[in-house]
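Ligands are counted one by one from 1 in listed order, and the atoms in each one are counted from 1 as well.
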Amino acid sequence: MKSTHRIGLLLALVFLLPAMFFSVYEISSLNKNEEMIQDIYNKQLEALLFSVNQYADDVLGNWISRTETGVDAITSEAEIPSRINDLLTYNSSLRTVFLSDTTAITSVQRFFSLDTSTVQNQRNKIDSALLQNKSLIEELIRYKKSGFQKVVVLPYSWGDDNNLQCIGVISENPPGHFRVTGFLIEPESFIQEVVGPKLQGISRDQFILSTSRKQPAGIVYSTWSRDTFSLVQAESVAKDFWLFPDYTFSIRTQGTSLKQIAQERANINMAMLISLNIILVIAVILVFQNVKKEVQLAQNKSDFVSNVSHEIRTPLALISMFAETLEMGRVTSEEKKREYYSIISKETLRLTGIVNKILNFSQTEANKKTLRIERIDLNKELTSILNTYDFHLTNKGFTHTVSQRPNVFIRGDKEAFTESIINLIDNAIKYSGDTKRIELITGVEGVHGFVTITDFGIGISKTDQKHIFDKFYRVSTGDLAKSRGTGLGLSLVKQLMDAQKGKISVSSDPGKGSSFTLFFPLE
Ligand code: ADP
């Protein structure tokens, strides 16, 4: 397996797989989490409702104790004790207060009401309630004897639609003597007057609390003036009212409902998870690409070392061989001598070329090379390079054509310009097959002046085109490409072009040839 593939697989294993597993697990447990959160939240809401119920019970407990102390203080049968009078006056939901000796639970012994017109009617109701709940009362007395006091609704069927509820508790006075202390209460006004303010206190603009009637269904009280029964039904957590089982308390969050909050949370979590995964995938791809580049670079570097060693060794061997031969004086003919000298000088030039290229490259890469950007007459400069190079081209059997657009003035560094052109012409020579022709074109495109150098050689495949400007990169196939080179030329040209605020582009067809274009900013 190639080392880059191995690294890719490793990255995927180390980063992506766990993330994917985690995401799948999280997504599958998202709903469960939300349900749990909703459950916990519901429990908290229920706790609030519990406190409301507790409050109503406390209020009633207070009324009972006030009644008891009030009654025990009076002497005359006819008067209403002042405490009970206050109780009746300030609580309009409380219609009647009564006390009944449990030894004779069918007849009310003490009876207090402010409304004398309905006295008889109410007395009959209480009588009926006590009678119908005889066994319940006996049970409550048993509770009381064991020290437990409980407020209960005494249901009765009286047969009118007056919605009064009878509530009672067993009290003991004097010791061993039990009686029922009770009230006739109008539940809806009790809810509105007594429980309502408490609900307002709890709601604090965060919750909507309401109390509803079960039969016929409807809202009796809500902390939100525009509340409707259908809204209460749809969104609330509800609990029975302990005192009046025909009524329920409901609570829900203000504005967004609990369901919506849970849904929103689920959506946000899901979106975060997906974006995290996307970021992770992108990060892994970037890391992989970087690693791949580094691995490729390391590979190229090691190729470079062996290439350059070979490149240097060949001319050195030739130089030393011919120099030795000359030194020994074995060559007698002048013609041979001249040939050997010329070989030595050619190989020395080649060596110098290679060393210069490497030095140039390292200087440019380290940003040590200072460019002198100036106005360049593109055609004039190109012609002068070609004049110098003409001999070399002809020597190699190449012909060249130049088609120039007149008056192209660019900004660039003359040395860098020459270096780039020579590199491209050298490559064109190196990578041409039998068609030994080079075409040069100058022109203007947009804000750039350009030179195109075209050969009709081996060409470059699309995949290699992406890499040929990388440092040390050499195309590995093809005998010609293998021949000579350092893999520095095009990378050097690209660096020079970047430094001159220009660019280089390539278009090539394998087997047909390549065109390299240098773009310089126009003057
Ligand atoms: P070198 O020529 O020393 O190998 P370069 O950086 O100049 O290094 O070129 C990189 C690679 O691009 C070369 O190895 C070669 O395969 C390819 N290449 C460059 N120019 C040409 C061209 N004109 N025709 C075909 N291939 C080319």
Side-chain angles (χ1 to χ4, degrees), residues 293 296-297 299-315 349-365 385-386 389 392-393 396-401 416-441 450-499 503-518:
K293 243 193 200 146
Q296 184 69 49
L297 190 66
Q299 177 68 41
N300 291 350
K301 255 184 194 162
S302 89
D303 289 352
F304 167 77
V305 172
S306 68
N307 275 334
V308 169
S309 320
H310 177 76
E311 284 282 280
I312 292 175
R313 212 182 295 130
T314 321
L349 269 180
R350 209 170 120 190
L351 259 182
T352 316
I354 293 168
V355 172
N356 277 346
K357 204 183 229 181
I358 294 170
L359 280 179
N360 255 338
F361 173 82
S362 79
Q363 272 182 341
T364 319
E365 203 189 35
I385 295 169
L386 286 173
Y389 226 63
H392 183 63
L393 278 172
K396 295 264 176 192
F398 276 83
T399 57
H400 69 272
T401 57
F417 179 84
T418 313
E419 174 101 35
S420 305
I421 299 286
I422 289 180
N423 257 303
L424 293 183
I425 294 179
D426 268 345
N427 278 350
I429 295 172
K430 236 178 352 182
Y431 302 107
S432 279
D434 297 331
T435 320
K436 295 180 184 284
R437 188 156 61 86
I438 298 175
E439 277 178 14
L440 295 111
I441 303 169
F450 68 83
V451 192
T452 304
I453 296 168
T454 308
D455 65 62
F456 303 88
I458 59 169
I460 309 160
S461 72
K462 280 269 174 288
T463 32
D464 283 324
Q465 281 177 33
K466 285 186 210 140
H467 300 292
I468 50 175
F469 300 106
D470 295 349
K471 39 189 174 180
F472 310 122
Y473 188 85
R474 305 200 68 223
V475 178
S476 53
T477 50
D479 288 342
L480 263 175
K482 262 183 201 156
S483 61
R484 289 158 48 201
T486 54
L488 293 182
L490 287 181
S491 131
L492 176 69
V493 175
K494 181 162 165 30
Q495 281 176 8
L496 290 175
M497 291 314 291
D498 287 345
K503 56 184 184 183
I504 177 166
S505 78
V506 62
S507 98
S508 179
D509 246 337
K512 292 192 178 147
S514 315
S515 266
F516 285 87
T517 307
L518 300 176

Backbone N/O of V493 and side chain of S420: donor-acceptor pair under 3.5 Å: no

Enumerated ligand 1 atoms positioned under 4.0 Å from heavy atoms of K430: 1 (P), 2 (O), 3 (O)

Check: I458 N/O within less than 3.5 Å of ligand 1 N/O: no

Presence of salt bridge, E439 and R437, under 4.0 angstrom: yes

Salt bridge (Lys or Arg N to Asp or Glu O under 4.0 Å) contacts in which one or both residues fall within residues 352-363, not counting sequence neighbours: none

Short N or O distance, I460 and ligand 1, threshold 3.5 Å exclusive: no

contact_flag F469 ligand 1 heavy-atom lt 4.0 Å: no

Y473 N/O under 3.5 Å from ligand 1 N/O: no

Flag for Y473-D464: side-chain donor and acceptor within less than 3.5 Å: yes

Ligand 1 to K357 polar contact by distance, N or O atoms, under 3.5 Å: no

Within reach of ligand 1, part of D455 (heavy-atom separation under 4.0 Å): side chain

Check ion pair K430-D426 (N to O, under 4.0 angstrom): no

Donor-acceptor side-chain pairing of E419 and N360 below 3.5 angstrom: yes

Region of V475 engaging ligand 1 - heavy atom pairs below 4.0 Å: both

Proximal atoms of ligand 1 relative to S514 (non-hydrogen, under 4.0 Å): 22 (C), 24 (N), 25 (C)

